[in-house]
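Reading through the structure tokens given below for one structure.
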Amino acid sequence: MALPTTSTSVTFPAGATTGESRVLAAPVLPDGRSALIVAQTPFHPLDHTWPDQPADTGTVRVGGVELAVVDCVTAAVGPDGTFAVAEEIPVRRGDETWAWLALHVVEGGAGDPADLIGATAELVVDAERRARLSAAHTSCHILAFALNAVLAPRWRKEVRTDSLGRPDFDNLAITRSRMDESGSRDDYRIGKSLRKKGFTSEGLDADLPGVRDEVEALLAQWLKTDADVRIEVPDPALTARRVWHCGLPDGDAHIPCGGSHLGRLGELRSLAVDLTMDADGGLVATTRPERA
Ligand SMILES: [Zn+2]
């Protein structure tokens, strides 16, 4: 079976949830599930290297049948035709000698998905689920900037700064980031190496309620400005290096990002934050956005 040799074009960074495109291939995955590959898709696949935002789900109508898209994963085709899915991909994400593909994992329909190759597919993302995930992802990013601002006095040495000029606690300490339809959770490691870089962890546990209140107050201020949120897209290819921007009162906050987002902070009515310490002395930061 011929697999595409150019990367899937993606339209989710601009907020698209529908699209039409030709079916290029219909591989059967190593786990036995069927998948469809199209030239251009609104579906956001899970990023196997930093799996923060879950995959979109939805439907695809093609060849007179409607199939459920139950998952969307990243795959890649090497210069020698090697086909690999997610964690099996042996090269760095975005390697330019490989084609990077969104695989729509489909269920339903009686026929052989291979018969659909060449047909035009109508792709429809579950827009409500997408909107919730976008709200969670935007919340996660503005939380990072607010946390950096509030924790800034705890740094005794110069370290790399975020795009607003504050010590980048988020970047230096984050180990894991996950969104779901209700919000986000970021895990930060506060260990010897962070302390060596100059972070004061003494008393953080006791200060957490105050830190949390300051973070929430800052976020509430930012939401009120209804700041513009956008994704800078250098190239439509799935693994292009996209950058999230938000025009905060403190400046243009920006951070590399492969996910989907709201268009404005005013789309959030409120943003609740919780900060706790985990068993290893790490910080766990969660958000619960409420959409307007
Ligand atoms: Zn992101």
Side-chain angles (χ1 to χ4, degrees), residues 8 10-17 41-57 72-74 86 92-94 100 102 125 129-149 160-164 166 168-189 215 218-219 222-223 227-248 250-265 267-268 271 273 283-289 291:
T8 309
V10 293
T11 55
F12 65 81
T17 55
T41 187
F43 278 81
H44 169 263
L46 182 73
D47 180 340
H48 61 293
T49 58
W50 185 250
D52 55 353
Q53 181 177 335
D56 282 330
T57 56
C72 193
V73 298
T74 303
R92 217 165 51 98
R93 179 184 190 273
W100 295 85
V125 173
R129 174 179 154 83
R130 161 73 72 74
R132 289 171 186 268
L133 293 173
S134 295
H137 205 144
T138 299
S139 299
C140 174
H141 283 343
I142 57 173
L143 166 72
F145 282 95
L147 200 54
N148 283 351
R160 61 163 290 164
T161 53
D162 65 23
S163 55
L164 300 178
R166 278 114 184 197
D168 201 344
F169 172 83
D170 176 72
N171 181 276
L172 291 163
I174 198 159
T175 56
R176 183 179 185 274
S177 181
R178 292 289 186 277
M179 293 109 204
D180 61 23
E181 289 181 65
S182 62
S184 66
R185 172 184 166 141
D186 286 340
D187 287 62
Y188 297 100
R189 181 177 297 137
V215 165
L218 189 52
L219 288 170
W222 287 349
L223 295 196
D228 189 59
V229 178
R230 66 185 175 90
I231 310 280
E232 190 186 324
V233 179
D235 181 286
L238 173 59
T239 55
R241 292 171 169 275
R242 293 181 290 273
V243 181
W244 173 91
H245 288 265
C246 182
L248 295 175
D250 316 43
D252 171 34
H254 54 90
I255 190 172
C257 181
S260 72
H261 285 274
L262 300 173
R264 321 193 59 82
L265 291 190
E267 291 173 46
L268 295 177
L271 183 49
V273 172
L283 180 65
V284 180
T286 58
T287 66
R288 287 272 173 273
R291 286 189 295 141

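In each ligand, atom 1 is the first atom listed, and ligand 1 is the first ligand listed.
- With hydrogens and angles left out, the side-chain atoms of Asp186 and Ser177 include a donor and acceptor closer than 3.5 Å.
- For the Zn ion (ligand 1), the nearby protein N/O/S atoms, meaning those under 2.8 Å, are His137 NE2, His141 NE2, Cys257 SG.
- Salt bridge status for Arg166 with Asp250: present, with a side-chain N to carboxylate O gap under 4.0 Å.
- One finds a salt bridge joining Arg185 and Asp187 here, because a Lys/Arg side-chain nitrogen approaches an Asp/Glu carboxylate oxygen to under 4.0 Å.
- Looking only at atom types and distance, the side chain of His245 has a donor-acceptor partner in the side chain of Asp252 under 3.5 Å away.
- Few gaps surround CZ on Arg242; more than 12 heavy atoms of other groups in view lie less than 6.0 Å from it.
- How far CG of Leu238 is from CH2 of Trp100: 8.5 Å, rounded to the nearest 0.5 Å.
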